[in-house]
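For reference, the structure discussed in these notes is given below.
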Number of protein chains: 2
Amino acid sequence: MSSTPIPQESSIAATLRDDILRGQYRCGERLPSERDLAQRFGVHRSTVREAFKRLEQLGVATIQRGGARVAPLEEASLDVLGHLLALDDAPDPEIVDQALEALSGFRAMAARLATERASEAQRARMVAILEAMMAPDLDARDRFELVTELGECFVAASDNIVLRLIARGLPARAPDTHRAGRFLADTPRREAVDTQLRRLRTAIQQADGAIAAEAVYRLSGIVRQQLREEARS
Amino acid sequence: MSSTPIPQESSIAATLRDDILRGQYRCGERLPSERDLAQRFGVHRSTVREAFKRLEQLGVATIQRGGARVAPLEEASLDVLGHLLALDDAPDPEIVDQALEALSGFRAMAARLATERASEAQRARMVAILEAMMAPDLDARDRFELVTELGECFVAASDNIVLRLIARGLPARAPDTHRAGRFLADTPRREAVDTQLRRLRTAIQQADGAIAAEAVYRLSGIVRQQLREEARS
DNA sequence: GCGGGAGATCTGGTCGGACCAATATGGCCC
DNA sequence: GGGCCATATTGGTCCGACCAGATCTCCCGC
């Protein structure tokens, strides 16, 4: 069971990555030299170098003779998103909102494909999840679990490897687990939610991808809007 | 002007990556040891190590004491997609199709957001591109350029960093440039294409995201279907 | 024949130090 | 101030070495 101990190189890379994502170094700014960091972390330079290669592959830094520099966020890999949202300090609410927005569209896409080509078993499972979600007396956390599970169902049934790759990067398990669940449960918008849930159920049963996509998009939109309003207050 | 020469470590990483993506090593199989590869490439082991760190960050391999192993494709980073499609040998047509499918949905998502929040200037530019695309006597390559440009417009106007990150990984510039352009140009489906183009133009002008998304999705779907049929023959 | 265990072997993780070439830096001269 | 050159700095690569965990091998007892 004992998993391989985490190499120093990995944790150094993680530390530097988080420092960069936290904005500790401005974009384009030079990172400390490999020799400096080696001394600072108390490791050999080659260890720092390996960490640097990771950072470059992640797209958060570019390495050149003369010095490594911080790369602009938009040139990074999608993989940074998860780390960005996982930072202990409250991440930029703007990023969180944009991630949720992208997640909405992404789930809509997956829902469309899933709806069009799901097997009978998958379809039944999706409908079952939906009906469970419509139960009025549902714990907030359970509700969120269901949403997550449904999303995974969509991606699986979409049978598209590219979607699966993207899904790995998107924060399917957002930091706001309970909050999102609560919003789906007992907001004044409960009725709108149920409307879309019913619409989605019908779409799935009738294999109507376009409607399923639209329903999922609106569903996600409701949650996002709610989270946004609360964040603003 | 002379850009920094490509480090050996980078090209070794690229070689190994392509070997893996080409299926030269089966999933789960052990990669040659660092020492072996160092000798094979005629470099020092530490150079191979740096390449390995890249591969691990890319998600195509996992490194453990005892040996590095090839990771399943679905655990890789979205970044591999571009490399996968760029392989000189004809990439798996199934993957190509799935990528186009994902691209369809992705562009639809971007179109929706762009339509809803584009500035007047951006909106005008999108409409201009659309009208250029409707010209009957358009070179296939130009047509494809327009499609690509429109896609970039959508992502830019969507003003969503996450979408931008995903866009970097998707093959916006697919290998089938001219083919795709040709299909948009002179297929019997030309009429269907024009219908969707007009629909999209109207949607953009009226800021109707849902319709824009649907139009873009169908537009991409037409091309994809066509490419698929040709591939099958 | 076969499962199991002990030891040899292999593998990655890290270290120390070294040289080269490209880059950055600072001071000098015009 | 602007251009220029010597120099310190930085990444790229190499050599060789040791450790600890993983893997393999082979022999033993059942």
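Lettering of chains follows the sequences in order, A, B, ..., and the numbering in each one begins at 1.
- Non-hydrogen atoms lying under 4.0 Å from DNA chain D are contributed by A:S33, A:E34, A:R35, all within residues 31-44 of chain A.
- Taking only distance into account, the side chain of B:R45 meets the base of C:dG13 through a donor-acceptor pair shorter than 3.5 Å.
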Sequence neighbours left out, cut at 3.5 Å: what donor-acceptor pairs do the side chains of residues 24-31 of chain A make with other protein atoms?
residue	atom	partner	partner atom	Å
A:E29	OE1	A:R26	N	2.7
A:R30	NH1	A:G66	O	3.4

Between the protein and nucleotides 24-27 of chain C, are there any N/O to N/O pairs under 3.5 Å, and if so, what are the atom names and distances?
residue	atom	partner	partner atom	Å
C:dA24	O3'	A:R30	NH1	3.4

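- For the atom pair CD1 of B:I166 and CG of A:L81, the computed distance is 8.0 Å after rounding to the nearest 0.5 Å.
- Not counting sequence neighbours, the partners of B:R17 by the side-chain contact (heavy atoms from CB on, under 4.5 Å) test are B:A14, B:L21, B:L55, B:L58, B:H83.
- Not counting sequence neighbours, the partners of B:R117 by the side-chain hydrogen bond (donor to acceptor under 3.5 Å, both in side chains) test are A:E101.
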Extract all donor-acceptor atom pairs below 3.5 Å that involve side chains of residues 119-131 of chain A and protein atoms in other chains or at least two apart in sequence.
residue	atom	partner	partner atom	Å
A:S119	OG	A:Q122	N	3.1
A:S119	OG	A:Q122	OE1	3.3
A:Q122	OE1	A:S119	N	2.9
A:R123	NH1	A:T115	O	2.9
A:R123	NH1	A:I204	O	2.8
A:R123	NH2	A:T115	O	3.4
A:R123	NH2	A:A118	O	3.0
A:R125	NH2	A:E149	OE2	2.6
A:E131	OE2	A:R201	NH1	3.1

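- A:A38 pairs by the side-chain contact (heavy atoms from CB on, under 4.5 Å) definition with A:R45, A:V48, not counting sequence neighbours.
- Contacts between residues 46-60 of chain A and DNA chain D, counted as heavy-atom distances below 4.0 Å, involve A:R49, A:K53.
- Residues meeting the side-chain hydrogen bond (donor to acceptor under 3.5 Å, both in side chains) test with B:D97, sequence neighbours left out: B:R224, B:R228.
- Listed by chain and residue number, A:D19, A:F41 satisfy the side-chain contact (heavy atoms from CB on, under 4.5 Å) test with A:T15 (two or more places apart in sequence, or in another chain).
- As rounded to whole Å, 13 Å separates atom P of D:dG12 from atom CD1 of B:I12.
- Partners of A:S11 according to the side-chain contact (heavy atoms from CB on, under 4.5 Å) rule, which considers only residues two or more places apart in sequence or in another chain, do not exist here.
- With sequence neighbours left out, the side-chain hydrogen bond (donor to acceptor under 3.5 Å, both in side chains) criterion links B:S77 to A:D79, B:D79.
- In this structure, CD of A:Q8 is placed 5 Å from P of C:dT14, rounded to the nearest angstrom.
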